Amino acid sequence: MNALVDPYGRNVSYLRVSVTDRCNYRCVYCMSENMTFLPKNDLLTLEELERICRAFIQRGVNKLRLTGGEPLVRRDVMTLIRNLGKHLKTGDLKELTLTTNGSLLAKYASELIDCGVRRVNVSLDSLKEDKFASVTRWGKLSDVLEGLDVARQVGLEIKINAVALRGFNENEFDQMIAWCGEQDFDLTFIETMPMGEIDQDRMDQYLPLNVVRESLEKSWTLDEIGYKSGGPARYVSVRETGKKIGFITPLSHNFCEDCNRVRLTCTGKLYMCLGQDDWADLKTPLRQDPTDKTIMDAIDEAIGRKPKGHDFIIDRTQTNPAVDRHMSVTGG
Ligand code: SAM
Ligand code: SF4
């Protein structure tokens with residue numbers, strides 16, 4: 001079957017799937033404390049999510065990332081992961097990964113390995129117990145550290161994601177780099193993106209990563225490397241630790257020209273761009289037609305509408321989020 005190529009000649013080979021919008025944490029930049037989640041009835045079943053993933057795999061998508069919300073809080077999610085893992089064995093899928101807050105990794109890491117998952121991204125914004133508790137609102141640092149330990153022991157490769165928050169964790173970055181070096185983790189810094197209403201002013205949180213990088217260069221030797229993930233991160237290698245640092249800069253640098261991904265929500269909406277509101281309904285075609293013809297047509301039509309890029313702005317004149325939905329709807 002023909003590959004998915006968008007109107008700008010970009011090959012879509014990467015699907016990110018938000019398997020739930022729910023989470024056991026309430027990170028301050030991601031959610032408000034009193035979130036209204038989608039009614040459970042609106043959700044695609046795990047079988048339906050799998051069917052859509054399978055259709056994408058048939059069209060040449062070779063990398064899948066499960067995210068959320070917190071993917072590991074969805075009931076029976078391991079069944080989905082196990083079934084998707086079968087495509088790794090056939091070689092149709094090159095990689096199956098997860099982005100998780102790590103709180104349930106101690107429980108699931110070994111099963112993840114068994115299903116063929118080899119790498120996970122774990123979000124961790126502070127190594128200080130009290131700060132971690134305040135940024136996640138409901139989280140406990142020791143759960144995540146335990147999860148990371150187990151994950152490493154069973155052989156999962158780990159990348160830490162840290163959102164750079166002005167006045168909150170900026171004085172911890174040197175410590176985090178050293179800790180990641182010791183633990184053998186890569187690290188990615190992320191700029192806050194204006195997605196969904198939260199309880200705080202995003203302008204107060206926003207810390208441009210070029211400022212972060214300048215300050216890191218006082219303590220660390222950062223070597224430019226050609227490594228690219230086909231995504232928004234730009235990577236350097238830290239000479240002192242030998243580990244990579246990525247910078248995800250949606251605001252201060254536009255990275256859309258080599259975008260290879262689309263995002264599916266747990267209700268079957270396909271977002272062709274993280275920073276735009278346009279989406280395609282895959283749930284109706286999925287339920288209308290037990291063969292895959294209609295869903296394939298819907299996917300083709302959607303990819304034909306993939307926009308050139310986004311234009312996130314955070315400044316004092318723009319107080320509303322650039323897109324209304326929270327990151328937990330489309331996944332990070
Ligand atoms: N719950 C999982 C986790 O925290 O890793 C997966 C979903 S979470 C939405 C995915 C990533 O998005 C996390 O690394 C999180 O820090 C990041 N994120 C959430 N809201 C964000 C925002 N407004 N701007 C930038 N990154 C955000
Ligand atoms: Fe949950 Fe992840 Fe959002 Fe934090 S960033 S509230 S862990 S979905």
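Here the structure is a predicted model, which is why all the values come from computation and not from measurement. Order of appearance sets the numbers: ligands from 1, and atoms from 1 within every ligand. Side chains included, hydrogens not; waters and symmetry mates left out as well; all remaining heavy atoms used.
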>> Under a 4.0 angstrom heavy-atom cut-off, which atoms of ligand 1 come close to S123?
In response: 3 (C), 4 (O), 5 (O), 13 (C), 14 (O)
>> Distance check below 2.8 Å: does C27 bring an N, O or S atom to atom 4 (Fe) of ligand 2?
In response: yes
> Does a salt bridge link E224 with R213, judged by any charged N lying under 4.0 Å from a carboxylate O?
Replying inline: yes
> So is I190 polar-close to ligand 1, meaning N/O to N/O under 3.5 Å?
Replying inline: no
> With atoms numbered from 1 as shown, which atoms in ligand 1 lie under 4.0 angstrom from a non-hydrogen atom of V163?
Replying inline: 16 (O), 26 (N)
> Salt bridge check: are D174 and K218 linked by an N-O gap of less than 4.0 Å?
Replying inline: no
> Quick check: does T192 get an N/O under 3.5 Å from an N/O on ligand 1?
Replying inline: no
>> Distance under 4.0 Å to a non-hydrogen atom of T67: what atoms of ligand 1 satisfy this?
In response: 6 (C), 7 (C)
> Within C23, is some N, O or S atom less than 2.8 Å away from atom 3 (Fe) of ligand 2?
Replying inline: no
> Relative to each other, are the rings of Y271 and W279 parallel, tilted or perpendicular (30° and 60° limits)?
Replying inline: tilted
>> I'd like to know if R305 and D6 make a salt bridge, using a cut-off of under 4.0 Å between side-chain N and carboxylate O.
In response: no
>> With heavy-atom distances below 4.0 Å as the criterion, list the atoms of ligand 1 near G68.
In response: 7 (C), 9 (C)
> Which atoms of ligand 1 have any heavy atom of E191 under 4.0 Å away?
Replying inline: 24 (N), 25 (C)
> Would D184 and K243 pass as an ion pair if we require N to O under 4.0 Å?
Replying inline: yes
> What are the atoms of ligand 1, with element, lying closer than 4.0 Å to any heavy atom of G69?
Replying inline: 1 (N), 2 (C), 6 (C), 7 (C)
>> One thing to verify: whether D281 and K269 come together as a salt bridge, which I'm taking to mean a side-chain N less than 4.0 angstrom from a carboxylate O.
In response: no
> Are any of the side-chain nitrogens in E70 or R22 under 4.0 Å away from the carboxylate oxygens of its partner?
Replying inline: no
> Can R51 and E47 be counted as an ion pair, charged N to O under 4.0 angstrom?
Replying inline: no
> Is it true that E50 and R54 have a side-chain N and a carboxylate O under 4.0 angstrom from each other?
Replying inline: yes
> For ligand 1, which atoms have a heavy atom of N161 less than 4.0 angstrom away?
Replying inline: 14 (O)
>> Any nitrogen or oxygen of T99, side chain or backbone, less than 3.5 Å from one on ligand 1?
In response: no
>> Which of the numbered atoms in ligand 1 are under 4.0 angstrom from any heavy atom belonging to T100?
In response: 2 (C), 3 (C), 5 (O)
> Looking only at non-hydrogen atoms, which of S18, S103, G69 approaches atom 8 (S) of ligand 2 most closely?
Replying inline: G69
